[in-house]
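For reference, the structure is listed below as structure tokens.
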Amino acid sequence: MPFITVLMLEGKSLEQRRRFAEEVTKSAEATLGARPEEVRVRFVDMARGDFARAGRLMCDEVRGL
Ligand SMILES: O=C(O)C/C=C/C(=O)C(=O)O
């Protein structure tokens, strides 16, 4: 049973999540041979203050600091 966890910055819409879940489920079916009803997708939102890239918090990059 594939269990796919997606960590991403907060702010994606329900429609984006819906489409992503559909597409990644199709991909798991095509590449792993998983049955669609077995595929789980979990979205975990990260606040921009909880994630840093190259030593800079994403909230600071947004503000151009
Ligand atoms: O990893 C990065 O460089 C930026 C991260 C982006 C996301 O996680 C996102 O757009 O959801």
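For ligands, and for the atoms within them, numbers begin at 1 and follow the listed sequence.
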At less than 4.0 angstrom from any atom of ligand 1, which residues have a non-hydrogen atom? List them by chain and residue number. Met8, Leu9, Lys12, Phe51, Arg53, Met58
Could Glu22 and Arg19 be called an ion pair, given the rule that one side-chain N must be under 4.0 Å from one carboxylate O? no
Path from Phe43 to Met46 over hydrophobic side-chain contacts below 4.5 Å: no
List the steps and the verdict of side-chain contact (heavy atoms from CB on, under 4.5 Å) for Met8 and Arg17. CA-CA 11 Å; Met8 60 188 182; Arg17 294 161 197 262; 3.8 Å; yes
Got a list of side-chain donor-acceptor pairs under 3.5 Å for residues 27-35, not counting sequence neighbours?
| residue | atom | partner | partner atom | Å |
| --- | --- | --- | --- | --- |
| Thr31 | OG1 | Ser27 | O | 2.7 |
| Arg35 | NH1 | Glu37 | OE2 | 3.2 |
| Arg35 | NH2 | Glu38 | OE2 | 3.1 |

Approximate separation, where rounding is to 0.5 Å, of Glu10 CD and Arg48 CZ: 7.0 Å
Has the side chain of Arg42 got a donor or acceptor atom that lies under 3.5 Å from a matching backbone atom of Phe3? no
